[in-house]
Amino acid sequence: MWNEIWNLAFFTAFFSASVRLAVPLAYAALGEMVSQKAGILNIGLEANMLSGAFMGFAVTYWTGSLLLGFLAGMTTGACFSLLHAFFSIYLRQNQNVIGTALNLFVLGLTSYLFQVIVNQASGAYPQVDILPTIPIPLLTNLPLVGDALFNKDIITYLLYILIVALVWFLNRTMWGLSLVSIGENPRAADTVGLPVFRIKYLAALFNGLMGGLGGAYLVLGQLGVFSENVTSGRGYIALSLVVFGRRKPVGICLAALFMGAANALQFRMQALGVDMPVQMFTGLPYVLTVIVLIISAVKRTDADPAALGKPYVRTMR
Amino acid sequence: MDVKRKAIFTLARVVAVLLLSTVLILLSGADPIRALQAFLSGIFGSAHGFTEVFVRATPLIFLGLGVAITFRTGFFNLGAEGQLYMGALASTAVVLLLPASWGSLRLPIALVSAFLAGGIWVLFPAWMKSRLGISETVNTIMFNYIAIMLVGICIRTFLQEPGSTLPQTAIIPEDCILPLLLYPTRFHAGTILSLVAAVLAWFFLCRTTTGFEMQMVGMNKRAALCTGLSVPKSLLLSAVIGGGLAGLAGFNEVFGVQHRLLEGVSGGNGYTAILVALLALNHPLRVVLMSVGLAALQVGAATMQRTLGIPNSIVSIIIGFIVLMILCGSLPEILEENHPILRKRKENIRHVE
Amino acid sequence: MHGIVKDFPGLRAVDHVDLQVEEGEIHALLGENGAGKTTLMNILYGLYRADEGQIFWKDEPVDVSCPSEAIRLGIGMVHQHFMLVRKMTALENILLGMRPEGYPIIRRQEQLQQADILCQKYGLKVNLRQRVDTLSVGEQQRVEILKALFRDAKVLVLDEPTSVLTPQETQEFFQILRVLRDEGHSIILIAHNLSEILSISDRVSVLRDGKKVCTIKTSSTNERELSRYMIGRDFLASNFYREATDQSREILRFQNISLHNSEGVSLLRDVCLCVHSGEILGIAGIDGNGQTELAEVLMGIRRQSGGDILLDGQSLGRWSVRRRWEAGLAYIPADRHQDGLIMDADVKDNTALRTYYQPPLSRTHILQPSQMRDQAAALTEDYQVKTPSVATQVRLLSGGNQQKLILARELQSKGNLLVACQPTRGLDIGAAEYLHTRLMDRRNQGRSVLLISTDLGEILALSDRIAVICSGKIMGVVPNTPDLSAELLGLMMGGSTLEEAKGWM
């Protein structure tokens, strides 16, 4: 059995699967990272992803256009994220309750609408063609990682660009500085004239777009079909990745890759009929997340943004 | 805001919920009147349907109570799901591992161990909050997944049904299951237990000094500290009791309904319970009311699906929507606060009167 | 600023104030608590909107509607509580909200050089690359000043800047201010320390009860005059009935109490005080000079860093809040909404907060709701708390009734000492008078009251002896005799010791 595992082909396939599983998680987690940096903790990430997955699928199914599907998925995710933002920023409600309610609402809504589509499709299970892979010449031929990183689709490549862009955005631009200040000390940001509420809504918008994209990609880039609760808790996983990756773009992507690897390993082991409880691998990232939480609390550095989850109320004028 | 405005606003929200339900039923191609008939007959039409409401309400009652008690002290426990899993795991393990000669004595032991397991499970994040200041939001969700992982491992290893390859435990011995009270329906003694738990929880919270402390701490930690109440004690104790109650939900599902431990024993009820607690304003007796209400929605919708093909997912849509409508409650006040014109106009009107 | 008016609900915080600040001067703004200094400056900085009046900038009328407008005009403000993002570096904090060259890209090297030039010009020593939460308080303040200077602020508003500094840091800080003035900047300094004002400012404006009293040249005035302007009124001799009480017994003694916060700043320095039986000891002082901290250390809400407290000769050591209550300490906190009451709970629960665990309110851990109701009803009647019922949320009561409720709860104590912090702040006259009478009754019964208040009138009307606290230090204790002058107290509140103050009188 171990011989089957310790060979190049296994690792090539394993790495490739890891990256594949990591991509939707990474998108959603990067969106949530931006949102949390602006002080909004959105548990409704699952709602963003699931609605994006459904709308992306539905629009592609009707129009045949993957591009329109992705756009629709992102827009829908953004709608729910902005709804969360409206309830938390304007109505100052508890962010956790809003998120939980939205998750349930979207779970019901997508299942319901999907059922309506299936009923109309009269028998044939609705299906779409998935994104084509675009191998990048030369790089694809690299041993081990070539196939995993460079024999993928356009959305995966866009993720690479997004990571670089986010690193640049957070470390090199005034915008990144403003974003961080909103989550840390909104009053200070207000006194230097930053538009606190607008930035919060923008962060929520980005979160929704990315969550929707991650969800849509899951269906349009990998599965080709929608099913009830297709995201099955990936939103919560992404939430843990934000903490696990310590709210840094590269950290989050490594965390996502780790999560993807854990899942991929579980599938491989199951396929090989390995006789051991493979849940260990998928559960490990959560344990590590808790450990990260403890470490950052003890070290008192890189802890949560100081104003995370708190509504900002301007003093009366 | 005056009473009249408030009433109109509430009415508008109720109408919105009814309107949404009607639209959803129409969209799926069914006649709303017939749907309503099917809905009611599903609940009241048969003994099976009526008792099924309580079978489904029972885990929600346990979980809702657990969440409500922790919310009352200001501990935002999103981990009811995981506490349920740990309760189910511990009670199943106890019964399956204890010698058969202990007979039905194993049932109360299982109950206690479910309570303890749920309580200990929430103790980790609660302690991390009170000692290290770690926010419970993400943390409790992590503990949910860790609990699910533990159950997954256990039912594939030492708790796996002998000779089976499925991830499930053996069936609970006959003398340890919660007795069925209205055979052939699934109505079992767990429901009675949940009602007893609700009354006890109410008594504890509203009639004992410890419960009083918890409520005061939940409303204002600082004032509680200044008048000599122990904040960490209240926080940890409420977490343990809340977790224990959620653990009992796991016990209830295994010993009352499924009679073995499977993956997905909760079905997401741990998250629905958060909304139940919100709808019940964290009051134990109202938790019972809301749980039964939600369960009735589910049972009625199941019948609508069977007879008219209306997807039963509309239950989730409607519950989610109701909660969103309730969260809208602060809208008029905030509108007035942000747009003084609204307030002034109202004052003028009063002036004219 | 001309004819500025600002109303808060039920209170006129600023009442037709004119203020003129010249180029290149240090203009001090002096006044007691609630005189309207900070409110006035918040209007200038666009954080509040004035209800009446007009701001002129270089003779042009301007509308300062938000901080960014103030920044654009060249007004910078350093708040008493710094507006810094603790997890960012000093440089990042300075740049935040600006559109420096190269926007939106940060050119750290260039900006660093520019900021360094400013630092050198004004003698501001800060390591700009360091994270703010690792900087000392003095350095953080310099970052705040740099923040304003980097935005080309011509007018710099500083709200109580020296309250967080050590004497050495204060001297350094004044040096910086002088350099700034010499470079043509105008500085508005909100302050209450008289000797500091005299040593640094060019002119002083005194505010009292929201109105401006006067603006005078610093060189033509002295501590005594300023103190009189600040306090300003003659207090009527108190008309309370004062029984001769036995004041021989010592009830409470603070022994060298000191307290530091987590950043090592001294909040209380070597406080030694004692309270006798049958007396009201008043502690006077400007807000934020350690009064609240002193009360909280006494009640066990905070742990002192050093020293000990003796109650009836017995050391309180590390006793819990409850044990101190049981030993006879009752407490009216300064912040009644946060510390004193649970606003979302009802009257009955709030009156039971101290005693719910004892009979008759509970037996063997079981609450007795009817007893709780009866007790609440009896207490609300005794103390004239107007409430629809004992099941009414405390949030819905008026401020006066809320305070009476706290009084009712705390005076259940059988003990000998009541600590009352700002007992009448924000109350209407009727409620305030009622509270004063109750405190006096308590004294006349031979028990003691530690009265902590920033309202000098209250202190003078009630106290047998008066201690003055400034920067966490007791400046002196004087008996409250008819010939005691408010100016003397004003001098001590402004940071002079009793001996120095007497010397100036």
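Here is how names work: the chains are called A, B, and so on, in the same order as the sequence lines, proteins then strands, and each is numbered from 1.
The shortest heavy-atom contact between B/Met142 and A/Ser240 is CE-CB, 2.9 Å.
Interface check for chain A: of the options B/Ile318, B/Ile146, B/Leu132, B/Ile314, the most heavy-atom pairs under 4.5 Å are formed by B/Ile146. For the set B/Val138, B/Ile274, B/Thr137, the count of heavy-atom pairs under 4.5 angstrom toward chain A peaks at B/Thr137.
Distance check: B/Leu27 CG to A/Asn119 CG gives 11.5 Å after rounding to the nearest 0.5 Å. One finds the CG atom of A/Leu41 at 6.5 Å from the OG atom of B/Ser135 (value rounded to the nearest 0.5 Å). Distance check: A/Ser111 OG to B/Asn312 CG gives 8.5 Å after rounding to the nearest 0.5 Å. To the nearest 0.5 Å, atom OG of residue B/Ser313 and atom CG of residue A/Asn229 are 11.5 Å apart. In this structure, A/Ile89 CD1 and B/Ile334 CD1 are separated by 12.0 Å, a value rounded to the nearest 0.5 Å. Distance check, rounded to the nearest 0.5 Å: CD of B/Gln305 to CD of A/Gln115 gives 7.0 Å.
Residue A/Asn103 does not touch chain B at all, counting heavy-atom pairs closer than 4.5 Å. Heavy atoms of A/Ile98 lying under 4.5 Å from chain B belong to its backbone as well as its side chain. Residue contact with chain B, scored on non-hydrogen atoms closer than 4.5 Å, involves the backbone and the side chain of A/Ile294 alike. At a 4.5 Å heavy-atom cutoff, the contact between A/Tyr112 and chain B is made by backbone and side-chain atoms alike. Only the side chain of A/Thr289 comes within contact range of chain B, with heavy atoms under 4.5 Å apart. Only the side chain of B/Leu278 comes within contact range of chain A, judged by heavy atoms closer than 4.5 Å. There is no contact between B/Cys154 and chain A, counting heavy-atom distances below 4.5 Å. For a residue to count as touching a neighbouring chain, one of its non-hydrogen atoms must lie under 4.5 Å from one of that chain's; by this rule B/Phe143 touches chain A with the side chain only. For A/Phe114, no part lies near chain B; criterion is any non-hydrogen pair under 4.5 Å. Contacts of A/Val287 with chain B are made by both backbone and side-chain atoms, with heavy-atom separations under 4.5 Å. Contacts between B/Met128 and chain A at a heavy-atom distance below 4.5 Å involve the side chain alone, from C-beta outward. Interface remark: B/Ile155 contributes no atoms to any contact with chain A (heavy atom separation under 4.5 Å).
Residues A/Leu107 and B/Tyr271 fail the side-chain proximity criterion, which asks for heavy atoms closer than 4.5 Å. At least one side-chain heavy atom of B/Leu78 sits less than 4.5 Å from a side-chain heavy atom of A/Ile43. Side-chain contact between B/Phe76 and A/Val97 is present, with heavy atoms from C-beta onward closer than 4.5 Å.
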### Message
If you apply the rule side-chain contact (heavy atoms from CB on, under 4.5 Å), what do you find for B/Leu331 with A/Tyr90, and how did you get there?
### Response
CA-CA 8 Å; B/Leu331 182 63; A/Tyr90 192 79; 4.1 Å; yes
### Task
Could you please spell out the steps behind the side-chain contact (heavy atoms from CB on, under 4.5 Å) verdict for A/Leu104 and B/Leu275?
CA-CA 10 Å; A/Leu104 191 68; B/Leu275 305 180; 3.6 Å; yes
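Under the 30°/60° scheme for interplanar angles, the aromatic rings of A/Tyr236 and B/Tyr145 are found to be tilted.
Each of A/Leu293, A/Asp304, A/Val290 was compared with B/Ile134 under the side-chain contact (heavy atoms from CB on, under 4.5 Å) criterion, and only A/Leu293 meets it.
For the 3.5 Å distance criterion, the side chains of B/Ser330 and A/Gln93 qualify, holding a donor opposite an acceptor.
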